[in-house]
Amino acid sequence: MKKSQNNDPFWWSFFGAGGVFSSFFVPIHVLLLGLALPLGWWLWPEHESLLELARHPLARIYLFLLIALSLFHAAHRIRFTLHDLLLAHSVDKPAAFACYGGAIIGTLYAMVTVWTL
Amino acid sequence: MTRYGPDEHDVLIVGGGGAGLRAAIAVAESDPTLRVAVASKVYPMRSHTVSAEGGSAGVIKSNDSLEEHIYDTISGGDWLCDQDAVEAFVNEAPQELLRMEHWGCPWSREPDGSVAVRSFGGMKNKRTWFAADKSGFHMLHTLFQTSLKYEPVQRYDEFMVTSLLVDDDRCQGVLALEMATGQLHTIAAKSVIMCTGGFGKAFPFTTNANIKTGDGVALAYRAGVALKDMEFVQYHPTGLPFTGILITEATRAEGGWLLNKDDYRYLQDYNLGQPKPEPVLRTMELGPRDRLSQAFEQERLKGRTIKGPYGDYVHLDLRHLGEKHINERLPMVRELCLKYEKIDPVHECIPVRPVVHYTMGGIHTDINGATSLAGLYAAGEAACVSINGANRLGSNSLTELLVFGARAGKAAAEYAKSSPAFSSKLRALAADAEREIDKNWIEPRTKTTNDTLATIRKELYHQMEAGAGIYRDEKSLQTARETVLELQERVRHVPLQDTSYTFNTELTAAIELRNLLELSSAIIESALQRTESRGSHQRTDHPKRDDAKFLTHTLAYRTEYGQAPRIEYAPVTITRWPPKERVYG
Amino acid sequence: MQKSIKIEVKRYIPEKQPTPFYQEYEIPLEPKWGVLDALTYIKDEMDGTLSFRWSCHMGVCGSCGMMVNGQPALTCATFLEEYLPGPIRIEPLDHFRVIRDLVIDTDDFMGKLKRVKPWLIPVEEKPLSEGENKQTPAELAAFKQYTLCINCLLCYSACPVVGLNETFVGPAAIALAQRYNYDSRDQGQAERHDVLLDHGGAFDCTLIGECSRACPKHVDPTGAIQRYKADGALEYWKRLILPRGAASK
Amino acid sequence: MDTQTQAPYKRFRPERYKPQMALSWWWQKPTYLLYILRELTSVFVATYAVILLLTLRALGAGGEAWSDWLTTLQSPGMIALHLVILLFAVYHSLTWFSLAPTALVLRIKDYTVPAKALVVAHVVIWLLCSIAIAAIVLTR
Ligand SMILES: Cc1cc2nc3c(=O)[nH]c(=O)nc-3n(C[C@H](O)[C@H](O)[C@H](O)COP(=O)(O)OP(=O)(O)OC[C@H]3O[C@@H](n4cnc5c(N)ncnc54)[C@H](O)[C@@H]3O)c2cc1C
Ligand code: SF4
Ligand code: F3S
Ligand code: FES
């Protein structure tokens with residue numbers, strides 16, 4: 001047995017978890033917060049009560065995971081799609097750096113945001 | 001080519017089918033220091049073993065006995081089998097099949113996890129190991145994949161062997177055409193094992209693949225080795241009319257019926273027992289292949305078969321087995337029918353006719369695969385060790401590949417270890433052989449004939465089917481004999497259109513056709529001189545078996561190119577089972 | 001009734017010119033003819049210089065794969081009547097180097113096949129005298145599908161990743177590795193992880209799924225690869241977190 | 001015997017022809033195009049993750065910031081963007097669920113749960129989750 005030189009399984013794990021999370025939960029959030037509420041399909045809940053809801057410990061964890069995993073999911077896919085569309089192996093390293101880097105920054109920012117909510 | 005090591009070996013195996021791969025593993029296991037190589041004109045997993053469907057016989061269940069398997073084989077072969085060879089074969093069969101299991105072959109299983117066995121034509125007991133109806137496929141892939149783990153086994157893939165290099169009265173290697181480049185390679189080897197398969201492609205309607213042109217048999221023949229029992233060509237009773245695709249005997253073992261145009265199970269009229277709804281071993285549809293094919297021919301003469309665009313046929317009826325059973329046990333049959341005949345055997349009868357399936361004859365070898373030429377061995381369908389006699393029993397052949405592949409491998413390895421150094425003339429010999437190929441095939445010829453490879457091949461097909469088919473007689477054989485000799489002359493003048501050196505399949509087809517012509521003339525001459533009927537060799541002018549004169553093996557020796565072979569006879573080894581009448585039913 | 005059909009063949013003869021060209025043949029349209037029958041007709045009756053591989057004519061040897069109208073297909077199991085009124089365009093399998101006409105170079109694949117160790121790796125050799133390994137029909141069913149691969153390489157030419165990334169071992173090789181991984185008699189998964197976890201292994205696959213659509217034997221390499229990714233990722237984390245040697249032996 | 005001196009049969013050593021993949025490969029088959037679209041959903045998923053993050057920021061920054069953010073959300077551009085995101089997000093969900101059975105083989109004794117049933121199960125769970133989230137948020 002040898003240690004793998006390849007970190008793709010590492011990123012793939014997050015990609016997979018993110019895929020599950022985002023496929024189950026992203027559409028409803030888009031629908032609610034992006035369309036239903038702004039377009040007034042429903043009464044706006046008060047700012048206060050929404051904030052209260054978001055501050056619930058479970059909600060904090062949930063929101064953090066949703067954002068962070070979605071970012072990692074997307075980072076992995078975007079990296080591979082760039083490679084597939086540009087037919088260039090040379091872009092893979094920089095693309096990986098940018099994609100995963102972006103996801104990590106986003107995750108840290110999400111952590112702070114959720115923590116300080 | 002960096003992919004291949006130096007072209008010098010202890011043992012070279014020609015042919016990457018079941019027999020060749022088993023032999024290669026046997027060599028590698030017997031002594032890992034031996035340099036062993038497999039040269040094959042197709043990638044090993046493309047070899048024709050891949051299309052065997054039904055299974056492989058070997059006694060394993062407690063209600064079965066070695067003795068019975070021996071007896072079924074000998075009687076099935078109409079007493080033309082060498083009984084010592086059959087005994088060795090049957091004794092070693094179970095362990096060879098077990099070894100396949102240990103190498104991962106996905107045999108079908110009983111609910112308790114033990115290996116399942118099915119019944120097969122001509123066998124009195126259930127003893128055919130199977131992997132659904134893709135037995136040969138699974139065996140070949142298992143052997144091939146297993147062979148990959150033996151580092152010493154080198155391969156020359158898509159190398160077509162064109163000549164044997166013989167000097168000092170021993171075989172010291174081959175000349176092979178690397179198809180991708182057109183380069184001829186001298187591959188030196190202390191011993192060579194011919195595992196190139198049969199030559200059913202001498203006939204038009206055959207289950208055999210395009211590659212089954214008997215190259216190795218022809219090579220041995222040219223090197224002076226006798227070809228044994230060439231007149232025995234097995235027709236399988238159930239092939240699809242146009243494509244010749246085999247509908248496995250397992251369909252009948254599972255309970256399929258053969259019906260003539262009046263939906264009548266006609267086999268009951270031919271001494272094959274009485275019809276029962278359930279399959280009964282060694283009767284009716286589970287009789288031996290020669291008898292079933294002959295019964296078809298008789299029905300045809302009586303006008304009771306069905307006429308179709310691709311010849312007459314009868315019906316194979318599986319409908320009563322039900323969809324579930326068919327899917328479970330015969331998935332490939334259903335798939336093949338749907339694809340190639342556009343019919344569904346669950347609801348319709350399958351049109352079938354006898355098709356050439358297996359060549360019992362081949363390179364004359366002893367029980368260890370050794371030929372009369374030192375350093376040359378043979379195994380598999382290319383060889384005639386003589387376990388199949390006048391008619392091979394279904395599912396004995398796959399086992400034969402294993403048992404005699406392994407035996408030949410071990411014997412060739414032993415020989416290689418003790419054989420002297422290569423002779424100094426090898427290079428010159430190779431150069432000669434090379435010039436021969438060049439002269440015969442490559443050099444541009446002025447067009448002096450309208451012949452093409454295809455016209456000659458068609459003529460050969462016609463002659464073999466009409467002259468040396470299921471039923472033969474003096475007259476038909478004589479005509480075939482004259483024509484085939486003439487074709488041998490004509491093929492020398494056919495100009496090739498393809499002058500490229502890169503993957504020139506016209507060149508390889510030409511070489512194959514020439515091999516087929518030589519073998520055909522050996523088939524015809526052997527058949528002509530055997531004035532009796534036995535097993536698959538049926539002479540209408542000599543309808544009786546004649547043990548007094550013909551309880552012997554035919555040996556065909558090559559004379560000149562374009563001349564008929566010289567025929568000699570050798571005794572059959574009879575140990576404990578004196579000849580009897582062959583009864584089924 | 002249509003009497004004939006036009007066949008366009010992509011040809012490449014290195015001695016002749018360095019780039020491929022197309023050639024047209026008009027052949028009689030016979031019922032039951034497969035695309036392969038059309039090619040053998042051309043070779044026998046019209047143009048002896050056309051090169052292609054074939055052997056079994058029954059869809060099991062895996063040598064006759066080509067692109068037919070842009071889709072990878074086994075030509076012996078693909079029928080002219082599916083393409084009426086024609087023309088039919090026949091090309092060598094995509095993503096492979098071409099040796100001549102319709103003949104592709106498969107050496108690279110043969111190397112990849114061997115890399116995944118497609119043979120049974122038991123814990124220890126079982127002597128023949130102990131008889132067979134028991135394997136229930138259910139245990140057999142767990143890997144049976146992956147044994148059905150005929151190495152026809154249609155999946156390789158269907159998969160864009162194979163074309164984009166030469167190091168990718170590819171769908172059939174991974175399916176074959178899984179065939180042994182899921183065999184109850186086999187204990188070689190750890191050795192195969194070394195290859196499949198690495199660059200060029202299963203994680204290069206982006207789940208395009210074309211391999212399974214192209215596969216004539218319903219091997220479903222897509223499934224094999226996805227299932228591997230799940231197993232492989234677990235193994236990866238074990239190797240990362242657990243002390244050396246503690247992960248699956 | 002040495003192989004080095006072995007004369008080649010003919011001078012000719014053939015070249016292989018290596019076909020190149022076209023930049024537009026993904027345009028050449030409908031299934032490839034659908035694949036690329038599926039992969040592109042990730043861009044929108046990422047975009048939405050960022051929007052959600054901004055939404056949380058606004059929520060945390062007090063009532064005024066929140067109503068500012070709401071106005072932004074109400075702009076036609078934002079509405080259009082969300083429509084597109086929703087489309088891709090749903091496509092992402094559906095493709096993800098339909099591929100879930102490839103990795104997941106459920107075998108209960110001798111019975112293998114058919115892939116279709118697994119996909120349906122995923123969709124049902126998805127709808128239930130969505131309803132639950134909607135209920136929690138909207139009943140505030
Ligand atoms: C459709 C079908 C179904 C069958 N079913 C059964 C069955 O159920 N049970 C059973 O027991 N038997 C069955 N048989 C018979 C059995 O499959 C064959 O007899 C057996 O597979 C032959 O194996 P082989 O190794 O001798 O040759 P093959 O598998 O034919 O291999 C021949 C090898 O030789 C190579 N070769 C040939 N010429 C050259 C050359 N000039 N240079 C280099 N290499 C060369 C080829 O490339 C190939 O690798 C069946 C046969 C057919 C046709
Ligand atoms: S997985 Fe299917 S398509 Fe791929 S090589 Fe095997 S049989 Fe052919
Ligand atoms: S098409 Fe290719 S990307 Fe994966 S699922 Fe199949 S190998
Ligand atoms: S010729 Fe064998 S698969 Fe088509």
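Not measured: the values here are computed from a predicted model.
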Legend entry - Pairwise side-chain contact, B/His138 with C/Lys144, heavy-atom cut-off 4.5 Å (strictly under): yes
Inset, instruction - Determine the option with the most heavy-atom pairs under 4.5 angstrom with chain C, choosing from B/Val42, B/Thr455, B/Leu148, B/Thr142. - result: B/Leu148
Legend entry - Which of B/Leu453, B/Leu336, B/Thr505, B/Asn208 touches chain C most, by non-hydrogen pairs under 4.5 Å: B/Thr505
Inset, instruction - Would you confirm whether C/Arg185, through its side chain, and B/Gly104, through its main-chain N or O, come within 3.5 Å as a donor-acceptor pair? - result: yes
Legend entry - Best-contacting candidate, B/Pro106, B/Ser51, B/Ala454, against chain C by heavy atom pairs under 4.5 angstrom: B/Pro106
Inset, instruction - Determine, stepwise, if the pair C/Lys217 / B/Glu335 fulfils salt bridge (Lys or Arg N to Asp or Glu O under 4.0 Å). - result: CA-CA 10 Å; C/Lys217 298 291 148 183; B/Glu335 190 187 313; 3.2 Å; yes
Inset, instruction - Sort out for me which of B/Arg457, B/Glu110, B/Lys342 touches chain C most, counting heavy-atom pairs under 4.5 Å. - result: B/Lys342
Legend entry - Distance-only polar pair, side chains of B/Lys134 and C/Thr147, donor-acceptor under 3.5 Å: no
Legend entry - Among the listed options B/Trp103, B/Phe137, B/Trp107, the residue most often paired with chain C at heavy-atom distances under 4.5 Å: B/Phe137
Legend entry - Structural part of B/Ile211 lying under 4.5 Å from a heavy atom of chain C: both
Legend entry - Heavy-atom side-chain contact between C/Asp107 and B/Tyr43 under 4.5 Å: yes
Legend entry - Heavy-atom pairs under 4.5 Å with chain C, option from B/Glu341, B/His48, B/Met179 with the top count: B/Glu341
Legend entry - Under-4.0 Å salt bridge between B/Glu158 and C/Arg53: yes
Inset, instruction - For the residue pair B/Tyr340 and C/His57, categorise the inter-ring angle as parallel (less than 30°), tilted (30 to 60°) or perpendicular (more than 60°). - result: tilted
Legend entry - chain B contact via C/Cys76 - side chain, backbone, both or neither, heavy atoms under 4.5 Å: both
